[in-house]
Amino acid sequence: METLSDPDGPERPEDLHEWTARGYEVGEARRWIGAGFALADADRWRTAGVYRPGPALSWRTAGLTPYTVRPLLRAGMAPREAVRWHELGYSHAEAAERHLAGERPHPRSAVRRMLRRLLRGSPAPSPEDGGAEAMGALLAAGIGPAAARPFADTGWAGPEAVPWARAGIDPARALILRELGFTAAEARSLGADAVELLRAWWDAGVPRGEVAAWAVAGFAPAEAARLRARGVDPERARVLRALGGDTGRG
């Protein structure tokens, strides 16, 4: 079995009698030994506030050590949340601070610029000092700090972000939906994953600028593509459906 102890600890778990001599119950010691922890390593995790080997393994897999895990434990975070924040580019300390403020993991402005390039074919400016201005606009509109900060971090201008923040839509998802032509009110009722929605309409060959009109009219991507091929626009398709006419179903 591969040893999981810290580099400065023993190379392998000690014998059971050494654990019981340190004050561990037999069953407890066996669990730590079975998980591959050395005695000194287990002591460090317990001192840090992680008292069982299962959670210690999870925190270690998430990239934490007994010396770095405490802020996240105090913030009430789980290992999977630490991983998610880290994947989005946040340090563990920053993740703990934001988690305490009630924020959920969200992408930074780099993700917004990537989505802009994907959707528009060219990068949009995202000034580094724009976050404070956006934050001020959002707070002035009555948006709480925990809801406002993700929009400021992802490069939204304050006024344009207000309806999306009020609708409780994740800023990255909101960016995609807005670029597809949806309003915040329309997007709130969609209940669909934004990336999957984008992929479905693009795969059907419907231009980005028409997606919202077709979707709000109640048409699926494939159905909208068939109607477009016949020269039917979303408004005419809506009327035909209301009148019980042929909209190209099937």
Pair Trp214-Glu223, side-chain contact (heavy atoms from CB on, under 4.5 Å): steps then yes or no:
CA-CA 9 Å; Trp214 284 107; Glu223 186 180 9; over 6 Å; no
Could you check if a side-chain atom of [X] sits within less than 4.5 angstrom of a side-chain atom of [Y], using non-hydrogen atoms only?
| X | Y | result |
| --- | --- | --- |
| Pro71 | Met77 | no |
| Val162 | Phe151 | no |
| Asp43 | Tyr24 | yes |
| Pro66 | Val50 | no |
| Arg60 | Asp41 | yes |

Between Glu14 and Arg22, is the side-chain contact (heavy atoms from CB on, under 4.5 Å) condition met? List the steps.
CA-CA 11 Å; Glu14 294 84 352; Arg22 187 73 63 88; over 6 Å; no
Cation-pi check for Trp156 against Arg178: NZ or CZ below 6.0 Å from the six-membered ring centre and within 45 degrees of the axis, yes or no?
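Yes, Arg178 sits over the ring of Trp156.
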When clusters are formed by joining ILVMFWY residues with side-chain heavy atoms under 4.5 Å apart, either directly or through shared neighbours, do Trp32 and Tyr51 land in the same one?
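They do not share one cluster, since no chain of ILVMFWY contacts under 4.5 Å joins Trp32 to Tyr51.
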Out of curiosity, does Tyr90 fall in the hydrophobic cluster containing Val83 (side-chain heavy atoms, cut-off under 4.5 Å, transitive links)?
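No, Val83 and Tyr90 fall in different hydrophobic clusters.
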Smallest separation among heavy atoms of [X] and [Y], with atom names:
| X | Y | answer |
| --- | --- | --- |
| Ala161 | Leu138 | CB-CD2, 3.9 Å |
| Leu64 | Trp45 | O-CH2, 3.7 Å |
| Ile169 | Ala187 | CD1-CB, 3.8 Å |
| Ala48 | Leu73 | O-CD1, 3.4 Å |
| Pro53 | Phe37 | O-CE1, 3.9 Å |
| Leu57 | Ala35 | CD1-CB, 3.9 Å |

When rounded to the nearest 0.5 angstrom, what distance separates [atom1] in [X] from [atom2] in [Y]?
| X | Y | atom1 | atom2 | value |
| --- | --- | --- | --- | --- |
| Thr47 | Arg70 | OG1 | CZ | 7.0 Å |
| Thr61 | Arg80 | OG1 | CZ | 14.0 Å |
| Asp233 | Arg238 | CG | CZ | 10.5 Å |
| Glu18 | Asp15 | CD | CG | 5.5 Å |
| Trp59 | His92 | CH2 | NE2 | 9.0 Å |

Tell me, please, which residues at least two apart from Glu97 pass side chain to side chain donor-acceptor pair (under 3.5 Å).
none
List the residues meeting side chain to side chain donor-acceptor pair (under 3.5 Å) with Thr68, not counting sequence neighbours, and say none if there are none.
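Here the qualifying residues are Thr65.
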Check whether Arg166 reaches the backbone of Ala141 with its side chain - one donor and one acceptor, N or O, closer than 3.5 Å.
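Present.
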Is a side-chain donor or acceptor of Glu81 paired with a backbone partner of Ala78 at a separation under 3.5 angstrom?
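Checking the backbone N and O of Ala78 against the side chain of Glu81, a donor-acceptor pair under 3.5 Å is found.
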Evaluate whether atom CZ of Arg52 has more than 12 neighbouring non-hydrogen atoms of other residues, nucleotides or ligands under 6.0 angstrom away.
no
Walk me through whether Glu28 and Arg31 qualify under salt bridge (Lys or Arg N to Asp or Glu O under 4.0 Å).
CA-CA 5 Å; Glu28 179 187 23; Arg31 286 190 290 273; over 6 Å; no
Ile33 vs Trp19, test: side-chain contact (heavy atoms from CB on, under 4.5 Å). Steps then yes/no.
CA-CA 9 Å; Ile33 293 170; Trp19 290 76; 3.5 Å; yes
